[in-house]
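First the proteins, then the strands, lettered A, B, ... as listed; each starts at 1.
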There are 2 protein chains.
Amino acid sequence: MAVTSGVKNRTRQAIVDAAIDLLAGNPACSLGDIAAAAQVGRTTLHRYFGERADLLAAVAAEGGERLVRAAALADLERGTGGEALLRLCREYFDLGSLLSLMFAGAGGECWESQDEQCLVAVVERGHADGSIDPALPADWVLGLLWSQLYAAWEYLGQRRDASRHHVLDLLTRTLSNALRPPPA
Amino acid sequence: MAVTSGVKNRTRQAIVDAAIDLLAGNPACSLGDIAAAAQVGRTTLHRYFGERADLLAAVAAEGGERLVRAAALADLERGTGGEALLRLCREYFDLGSLLSLMFAGAGGECWESQDEQCLVAVVERGHADGSIDPALPADWVLGLLWSQLYAAWEYLGQRRDASRHHVLDLLTRTLSNALRPPPA
DNA sequence: CCGTCATGGAACAGATGTGTTCCACTACGA
DNA sequence: TCGTAGTGGAACACATCTGTTCCATGACGG
């Protein structure tokens, strides 16, 4: 049951990708719009995802995978907690419209459930090694990470003249400053 | 034409208030839900706001007024730009669910149009007087302000044990750190 | 007591989205 | 050439939201 036809896989992926892009802009968008964006008939979409909830679940699953992949690329075990968090931030920034989806979709309930614990551990490592202000609770730090990521993504979308690299630089600077512990 | 009946004013205000609360949680919520939340018949709601768009416009107007009022309370002319921005942040924080609405409603297009310029001036004052890192563009700083406000509001909503004052303290600390210029 | 003011409920038509069924078309391999 | 897999279009019933109309009720002042 593992490998379906290559065509089916590609169609399914096209639908999920289109769904992520459109739902990021408008969480209430219609299935017809998604099908059109995926260049697929609405009938075909329903063949892959019987109900809207099925598609949303697939989107959540895909989003979760991308987050896990990004976290893996960030190599969270290396260096101080603060450094690891900044690397993670850079990887997350590449996720693009998925970032908007996290905010629109009730702050992301599902895909973070187990990943959350892992990230909390990184922040607490930062608390211990002095790279993150211990006065900032771990979940506050993570909320900060997400909100600044979203702000950066929006900023990039509105100011087309700003280069991706420049925005990432601003993001890194403000986030690392925000987390920096007081000079003791 | 200025003063309608006191009853009408109160009913209208109740509808707008309910709309702000519900739309903040779900921008696609139905007029029936809003009417129910305002403890008003759907007929009455339609009597005050012929179309959904009319209600949304009233919500935007009310939101704009609240923002302007908050900005006035912050006394933006006083002190350094950085200090003024932190005072503004504290005032905005009291706006509650309106914060969520700003993000859900496409990042707030209308009510900021003229206010935006005023806030940009405050940030630039901060650039000049050395209280805000000049490497951070003004609109980046404002985007940061909004995103952290949203994060703080969400944090307060999820962790009911955290006191309003404590969250405001976290917000102030991280925001002022993020904007602080490098030690030169 | 009577009129009006503000309201709520019921019912309706129209629009939109959803989920389903049925049929036709194309590509591809046996 | 034939059968199958994957697809798209048309049509349908169903649900929800919207905007409107009509009528009944309670409050309040003259």
Side-chain angles (χ1 to χ4, degrees), chain A residues 1-63 97 100-101 104-106 110, chain B residues 1-63 97 100-101 104-106 110:
Chain A
M1 69 179 253
V3 180
T4 54
S5 145
V7 179
K8 290 186 86 166
N9 275 333
R10 261 177 285 124
T11 302
R12 187 191 148 94
Q13 194 60 42
I15 294 175
V16 172
D17 288 345
I20 288 178
D21 280 343
L22 288 201
L23 290 172
N26 171 22
C29 85
S30 77
L31 297 183
D33 290 343
I34 295 176
Q39 293 180 301
V40 149
R42 195 168 66 92
T43 308
T44 300
L45 188 150
H46 268 103
R47 224 185 310 264
Y48 283 85
F49 307 99
E51 302 187 357
R52 173 179 252 268
D54 297 331
L55 175 56
L56 295 186
V59 165
E62 171 73 18
S97 55
S100 308
L101 200 53
C110 36
Chain B
M1 68 177 258
V3 180
T4 53
S5 143
V7 179
K8 289 185 85 166
N9 275 333
R10 260 178 284 124
T11 302
R12 187 191 149 95
Q13 195 59 43
I15 295 175
V16 172
D17 288 345
I20 289 179
D21 280 343
L22 288 200
L23 289 172
N26 171 22
C29 85
S30 76
L31 297 184
D33 290 342
I34 294 176
Q39 292 180 299
V40 146
R42 195 167 66 91
T43 308
T44 299
L45 188 151
H46 267 102
R47 225 184 309 263
Y48 284 86
F49 307 99
E51 301 187 0
R52 172 179 254 266
D54 297 330
L55 176 56
L56 296 186
V59 165
E62 171 73 17
S97 55
S100 307
L101 199 53
C110 35

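Distance A:Leu45 CG to D:dG6 P: 16 Å, rounded to the nearest Å. Across the protein-nucleic acid pair, B:Arg10 atom CZ and C:dC5 atom P stand 17 Å apart, rounded to whole Å. A:Arg47 has its CZ atom 18 Å from the P atom of C:dT18, to the nearest Å. In this structure, A:Leu55 places its CG atom 10 Å from P of C:dG19, rounding to the nearest Å. Separating the CG atom of B:Asn9 from the C1' atom of C:dC5 is a distance of 15 Å, rounded to the nearest angstrom. Here D:dT7 presents its C1' atom at 11 Å from CD1 of A:Ile15, a figure rounded to the nearest Å. Between A:Leu31 atom CG and D:dA15 atom C1' there is a gap of 14 Å when expressed in whole angstrom units. Across the protein-nucleic acid pair, B:Gln39 atom CD and C:dG9 atom C1' stand 17 Å apart, rounded to whole Å.
Relative to the side chain of A:Arg52, the nucleotides C:dG19, D:dT20, C:dT7 differ in distance, and C:dG19 lies closest. The side chain of A:Glu51 has C:dG19 as its nearest neighbour among D:dG8, C:dG19, C:dT7. Among the nucleotides D:dT7, D:dG19, C:dA6, the one closest to any side-chain atom of B:Arg42 is D:dG19.
Taking the nucleotide of DNA chain C with the nearest heavy atom to each of B:Thr11 and A:Ala53, the more 5' of the two is matched to B:Thr11.
Distances shorter than 4.0 Å separate none of the side-chain N or O atoms of B:Thr43 from OP1 or OP2 on D:dT20. OP1 or OP2 of D:dG6 has not a single side-chain nitrogen or oxygen of A:Tyr48 nearer than 4.0 Å.
Counting heavy-atom neighbours within 6.0 Å of A:Gln13 CD, excluding the residue itself, gives a total above 12.
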